[in-house]
Amino acid sequence: MAITPDTKDWTWVLERPCPECGFDPDELTPQDVAGRVDAALPRWDAALQRADVRDRPNESTWSPLEYGCHVRDVFGLFRTRLGLMLAEDGARFADWDQDATALEKDYAASDPDAVRAELAEEGALARDAFGAVPQDAFARRGLRSNGSEFTVVTLARYFLHDVEHHLHDVAG
């Protein structure tokens, strides 16, 4: 089954609530994001224990397992990007092709128990990294290769939307 690549620029979620999942970025600090990641981790763990964890709802949509693998990788990616921004104001981020990563890592054939453990570990590391951001670093900047500019605050919000939106995707 072929997955339709997601080519949307999701940065609009920084300006208004997401009509699909209800995420509202308004006023969230990196510490708020850390708390919400902590609340999301048990929900991801439950999703990865479902009997239908490998089932795709249709041919062009990931299974809960594939979404879990993606979110595990998002945790690591955004922790790295946050670290770059804290080390260097104006940091530039390398491209990341989530669809190529899914194929390279064969998300669909992953072991759900291994993904549960990896997602919990990566999630805790990301939670702790965002929770430790000092307020005087909130305005530090980073740039995606397509020119999208983030502050530490908007990066945290954008990251959290991904984590929570995909919980909505797997809610079934």
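Throughout, residue positions are numbered sequentially from 1 according to the sequence presented.
- The closest side-chain heavy-atom distance from F78 to D162 is not below 4.5 Å.
- Between L125 and F75, the closest side-chain pair of non-hydrogen atoms is not below 4.5 Å.
- Listed here is the closest heavy atom pair of L65 and A108: CD2-O, 3.9 Å.
- Between the CD atom in E149 and the OG1 atom in T154 there is a gap of 8.0 Å [rounded to 0.5 Å].
- Within the 3.5 Å criterion, the main-chain N or O of L143 finds no donor-acceptor partner in the side chain of R92.
- Minimum heavy-atom separation, W62 to A102: CZ2-CB, 3.6 Å.
- A 4.5 Å side-chain heavy-atom check between C21 and H161 finds at least one atom pair inside the cut-off.
- Here the closest non-hydrogen pair linking G123 and V37 is O-CG1, 3.8 Å.
- In this structure, R72 CZ and L77 CG are separated by 12.5 Å, a value rounded to the nearest 0.5 Å.
- Atom CG of L48 is separated from atom CG of D113 by 9.0 Å, given to the nearest 0.5 angstrom.
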_side chain to side chain contact (heavy atoms under 4.5 Å, CB included) evaluation trace for W12 with C18_ = CA-CA 9 Å; W12 60 266; C18 179; 4.1 Å; yes
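- The shortest side-chain heavy-atom distance between T61 and R56 does not fall under the 4.5 Å cut-off.
- Residues D73 and K105 are paired through a salt bridge, judged by an N-O separation under 4.0 Å between the basic side chain and the carboxylate.
- Distance CG/N146 to OG1/T11: 7.5 Å, rounded to 0.5 Å.
- In the hydrophobic clustering of this structure, V71 does not group with L103; members are Ile, Leu, Val, Met, Phe, Trp, Tyr whose side-chain heavy atoms approach within less than 4.5 Å, directly or through other members.
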*Y67/Y107 under ring pair (Phe, Tyr, Trp, His ring centres under 6.0 Å): CA gap, chis, key distance, verdict*: CA-CA 8 Å; Y67 275 119; Y107 284 179; 9.7 Å; no
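- For F130 against A34, the heavy-atom pair with the smallest separation is C-CB, 4.3 Å.
- Looking at H166 and W44, their side chains come closer than 4.5 Å, going by heavy atoms from C-beta outward.
- Distance check: M85 CE to L155 CG gives 5.0 Å after rounding to the nearest 0.5 Å.
- Atom CZ of R54 is surrounded by more than 12 heavy atoms from other residues, nucleotides or ligands within 6.0 Å.
- Using a distance-only test at 3.5 Å, with no hydrogens or angles considered, no donor-acceptor pair links the side chain of S148 to the main chain of R144.
- In this structure, the separation between CG on D111 and CZ on R116 is 10.0 Å, given to the nearest 0.5 Å.
- When all heavy atoms of S110 and V115 are compared, the closest pair comes out as CB-CG2, 3.7 Å.
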*side-chain hydrogen bond (donor to acceptor under 3.5 Å, both in side chains) between E66 and S63, worked out*: CA-CA 5 Å; E66 291 166 297; S63 68; 3.1 Å; yes
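- At a threshold of 4.5 Å between non-hydrogen side-chain atoms, the residues Q49 and D45 count as touching.
- No side-chain heavy atom of R81 sits less than 4.5 Å from a side-chain heavy atom of F150.
- For Q135, the CD atom sits in a loose shell: 12 or fewer heavy atoms of surrounding residues, nucleotides or ligands are nearer than 6.0 Å.
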*asked:* As a quick check of understanding, evaluate side chain to side chain contact (heavy atoms under 4.5 Å, CB included) for Q31 and V133, giving each step before the final call.
replied: CA-CA 7 Å; Q31 288 73 28; V133 172; 4.3 Å; yes
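- With hydrogens and angles ignored, the 3.5 Å screen pairs a side-chain donor or acceptor of D89 with a backbone N or O of R141.
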_If you apply the rule side chain to side chain contact (heavy atoms under 4.5 Å, CB included), what do you find for R50 with V170, and how did you get there?_
CA-CA 10 Å; R50 291 177 13 194; V170 302; 4.2 Å; yes
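- Formation of a donor-acceptor pair under 3.5 Å by the D32 side chain with backbone atoms of T29 is found in this model.
- Put simply, the side chain of D52 never gets that close to the backbone of D55: no donor and acceptor are under 3.5 Å apart.
- You'll find the side chain of H165 stays beyond 4.5 Å of the side chain of F23, heavy atoms only.
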*Stepwise, does the side chain to side chain contact (heavy atoms under 4.5 Å, CB included) test hold for R157 with F159?*
CA-CA 5 Å; R157 292 171 181 172; F159 155 73; over 6 Å; no
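- Scanning both residues, L28 and V153, for their nearest heavy atoms gives O-CG1, 3.6 Å.
- R79 has a carboxylate O that lies under 4.0 Å from a charged side-chain N of E122, or vice versa, which qualifies the two as a salt bridge.
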